[in-house]
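Have a look at the structure below before the remarks.
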Amino acid sequence: MNRRDFIGRAALASGAVSLMGGSAFALPNKNTFQAVGKPFKMDYAPHFGMFKNHVGDDPIEELKFMFDQGFRSLEDNGMLGRPVEMQNKIAATLERLGMRMGVFVIDGGDNWKISLTTGKKEFKDKFVDTCKRSVELAKRANAKWMTVVPGFYDASLPIGIQTANVIDALRAGAEILEPHGLVMVLEPLSDRPDLFMRTSAQTYELCKAVDSPACKILYDIYHMQRNEGNLIANINLTWDEIAYFQIGDNPGRKEPTTGEINYKNVFKHIYDKGYRGVMGMEHGISKPGKEGEMALVAAYREVDNF
């Protein structure tokens, strides 16, 4: 029996046992596990650790497991901090499986502090240097998109001055990335109210000001639901600057179907507008153990069925 047949039969058996035994894990519809191994309609990208109960801590084995479940991309926010040897192994496995590399984070250590808004040379220089290191990683991993977070507000400066400082730094980063066909994707966040970049409209304004194909929006549906709602309308308003999406239901930041967002409708809208890029699964899992991991896959099969 080959690996994919084994995974498919195991998933079917797991579903049958759970349903007969009255477990909290249940299939959203009868076709859920008939699709094991079949690529999803949209290109959802798990991150390492999502399937640790099935494969342990080996990222290479986890990549193979992701592929067997039908996923065709990977996100790894912390890839820039991994040893080069592991970066190369991940890249080689992605290439062998025909999978795409989603975002990693351009993080020189200043993302979660007052930094680019200040206009200080030390922060801008570190950001530019991290962009240069990211180019080397992107070459090794065949990556294209890199997440950028400009840090916190500087309450000592007017908002217009802070905005100009961020634009100046982003332009410098774009000059590094653009010749290589790489794209920084700016991610507005909801984690803290003192983060400088929090809405899709503000991020759209920054991208228009930088005016580079190397500077676009990462529209994280979870964060934007928390900060502004009106998801489909705001996606439409900022569409020409969006290069990447991330996913998480609200409340809880878990897989689709666990919260208030109608992900089937949102995904259909994005798909119908022509987006065929990566959809990063930047969220947790609502249930523990192997059953929780398979419930996550089942949830994606459900919302991908539009």
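Model, not experiment: these values are computed from the prediction.
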Out of curiosity, does Met197 fall in the hydrophobic cluster containing Val166 (side-chain heavy atoms, cut-off under 4.5 Å, transitive links)? yes
Ignoring hydrogens and angles, tell me if any N or O in the side chain of Glu178 forms a donor-acceptor pair with the backbone of Ser212 under 3.5 Å. no
Could you tell me whether a side-chain N or O of Asp76 sits under 3.5 Å from a main-chain N or O of Phe104, the two making a donor and an acceptor? no
Between [Y] and [X], is the closest basic N to carboxylate O distance under 4.0 Å?
X: Arg198; Y: Asp191; answer: no
X: Asp168; Y: Arg171; answer: no
X: Arg133; Y: Glu136; answer: no
X: Glu205; Y: Lys208; answer: no
X: Glu293; Y: Lys287; answer: no

How are the rings of Tyr275 and Phe245 set relative to one another: parallel (under 30°), tilted (30 to 60°) or perpendicular (over 60°)? perpendicular
So Tyr153 and Phe196, would you call those rings parallel, tilted or perpendicular, with 30° and 60° as cut-offs? perpendicular
Donor-acceptor side-chain pairing of Glu282 and Asn77 below 3.5 angstrom: yes
Looking just at side-chain N and O atoms, do Tyr219 and Asn234 make a donor-acceptor pair shorter than 3.5 Å? no
Here's a test for you: under side-chain hydrogen bond (donor to acceptor under 3.5 Å, both in side chains), which of Glu260, His283, His223 qualifies with Asn250? Glu260
Any cation-pi pair here, Arg72 with Tyr44, using under 6.0 Å and within 45°? no
Applying the side chain to side chain contact (heavy atoms under 4.5 Å, CB included) criterion to Tyr244, which one of Asp220, Val185, Ile217 satisfies it? Val185
Check each of Leu218, Asn111, Asn227, Val149 against Leu189 using the side chain to side chain contact (heavy atoms under 4.5 Å, CB included) test, and report the only one that passes. Val149
Which heavy-atom pair separates Ser190 from Tyr222 by the least distance, and what is that distance? OG-CE2, 4.1 Å
Quick one: closest heavy-atom pair of Leu186 and Cys207, and the distance? CD1-SG, 4.0 Å
Are any non-hydrogen side-chain atoms of Phe127 and Pro150 less than 4.5 angstrom apart? no
I need the [X] [atom1] to [Y] [atom2] distance, nearest 0.5 Å.
X: Lys120; Y: Ser115; atom1: NZ; atom2: OG; result: 10.5 Å
X: Ile235; Y: Ile221; atom1: CD1; atom2: CD1; result: 5.5 Å
X: Tyr263; Y: Gln225; atom1: OH; atom2: CD; result: 8.0 Å
X: Leu94; Y: Asn142; atom1: CG; atom2: CG; result: 8.5 Å

Are the aromatic ring centres of Phe267 and Phe306 under 6.0 angstrom apart? no
Applying side chain to side chain contact (heavy atoms under 4.5 Å, CB included), run through Glu255 and Ser286 and close with a yes or a no. CA-CA 7 Å; Glu255 70 269 18; Ser286 62; 2.6 Å; yes
